[in-house]
Amino acid sequence: MRALTQQTTEKTAPKSKADSKPKKAKTTATASKKVFKSEEKKDVSTSSAPEEGPRTSVWLMKSEPDTFSIDALINSPDSTSHWDGVRNHEAKNLMKNLMKVGDRVLFYHSNTKEPGIVALAEIVREGYPDHTAFDPKSEYYDEKSTKEDPRWFMVDVKFTRKFKRIVTLKELQQYKDKELSGMKLLNRGRLSVQPVTDQEMDFILCLEQQELKEG
DNA sequence: GCCAACGTTGGC
DNA sequence: GCCAACGTTGGC
């Protein structure tokens with residue numbers, strides 16, 4: 001159904017094989033909760049930055065399963081792939097500027113029978129130039145993007161876990177006027193990379209756990 | 001900088 | 001396959 005050959009616009013999915021060497025970030029990402037002796041009056045100015053815990057955010061990234069499915073990500077080397085082919089500036093800017101190593105990603109299947117969130121993933125490499133834009137043979141080629149002045153960026157995403165069930169768009173829409181009233185997916189359908197608030201994330205993770213009623 | 005024409009996304 | 005929403009392009 002979906003032509004794999006279409007050009008030029010934002011194509012949500014990465015499709016080339018990850019050539020990136022996804023080294024698992026040397027992680028400060030999860031640890032670093034520094035325990036300090038509370039009794040002593042510490043000179044705050046130099047050392048302890050109690051605000052420290054790594055700031056992580058949540059994102060939703062769409063991919064067409066015919067182009068790049070969650071199983072394709074799982075089967076990539078180290079279950080990691082770069083997210084190439086995004087040709088929309090708003091989405092690109094998020095990848096270039098705001099996504100950080102350790103951020104969580106909701107992996108969404110779009111343009112398919114049952115659109116919805118299918119898995120969790122994680123950012124393992126921050127924004128860097130999308131090389132497919134440089135390649136005249138790539139369907140994502142953009143002559144305006146050069147190595148000296150790259151126009152498109154991507155991140156590397158690593159699989160975390162599948163959802164125990166698909167949390168479908170249909171289901172999410174039921175909360176459009178309630179818990180998920182601000183969710184971009186429901187209001188700005190066409191943005192392929194988008195931020196998710198902590199509250200939305202919590203809610204979605206609860207939905208995942210919920211058994212669906214028979215029906 | 002406006003805005004009409006055009007192209008794409010993506011649910012249905 | 002249809003088509004609404006919306007982003008991009010380019011003439012002026």
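Residue numbers start from 1 in every chain, and the chains themselves are labelled A, B, ... in the order their sequence lines are given, proteins ahead of strands.
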Colleague: Atom CG of L186(A) and atom P of dC12(B): how far apart are they, to the nearest Å?
Modeller: 10 Å

Colleague: For the pair made of CE in M183(A) and P in dG11(B), what is the distance, rounded to whole Å?
Modeller: 12 Å

Colleague: Ignoring backbone atoms, establish whether Q194(A) has a side-chain N or O less than 4.0 Å from OP1 or OP2 of dT9(B).
Modeller: no

Colleague: Is R87(A) salt-bridged to D142(A), cutoff N-O under 4.0 Å?
Modeller: no

Colleague: Round to the nearest Å and state the distance from R188(A) atom CZ to dT8(B) atom P.
Modeller: 18 Å

Colleague: Does any non-hydrogen side-chain atom of W152(A) lie less than 4.5 Å from one of V86(A)?
Modeller: no

Colleague: Counting side-chain heavy atoms from CB outward, which of dC6(C), dG11(B), dT8(C) is closest to N88(A)?
Modeller: dT8(C)

Colleague: Looking across every strand, which nucleic acid part, if any, lies under 4.0 Å from E114(A) by heavy atom: base, sugar-phosphate, or nothing?
Modeller: nothing

Colleague: Taking only side-chain N and O atoms of K62(A), does any of them lie within less than 4.0 angstrom of OP1 or OP2 on dG10(B)?
Modeller: yes

Colleague: Rounding to an integer number of Å, can you tell me how far D142(A) CG sits from dT8(B) C1'?
Modeller: 16 Å

Colleague: Just to confirm, is there a sub-4.0 Å distance from OP1 or OP2 of dT8(C) to any side-chain nitrogen or oxygen of R87(A)?
Modeller: no

Colleague: Nearest-Å distance, NZ (K113(A)) to C1' (dG1(C))?
Modeller: 16 Å

Colleague: Over how many whole Å does the gap from L191(A) atom CG to dT8(C) atom C1' extend?
Modeller: 15 Å

Colleague: What is the distance, rounded to the nearest whole Å, between atom NZ of K184(A) and atom P of dG11(B)?
Modeller: 17 Å

Colleague: What verdict does the side chain to side chain contact (heavy atoms under 4.5 Å, CB included) test give for Q174(A) and E179(A), after you've listed the backbone C-alpha separation in whole Å, the side-chain angles of each residue and the deciding distance to 0.1 Å?
Modeller: CA-CA 9 Å; Q174(A) 294 171 8; E179(A) 290 88 341; over 6 Å; no

Colleague: Is it the case that atom NZ in K184(A) sees more than 12 heavy atoms from other parts of the structure closer than 6.0 Å?
Modeller: no

Colleague: Round to a whole Å and report the spacing from NE2 of H89(A) to C1' of dT9(C).
Modeller: 12 Å

Colleague: Taking the side chain of K144(A) as heavy atoms from C-beta outward, which of dG11(B), dT9(C), dC6(C) is closest to it?
Modeller: dT9(C)

Colleague: Can you see if the side chain of Y108(A) gets near the phosphate of dG11(B) - specifically, an N or O under 4.0 Å from OP1 or OP2?
Modeller: yes

Colleague: When you measure from the side chain of Q173(A), which nucleotide among dT9(C), dC6(C), dC12(B) comes out closest?
Modeller: dC12(B)

Colleague: Is there a side-chain contact between M61(A) and Y108(A) (heavy atoms, below 4.5 Å)?
Modeller: no

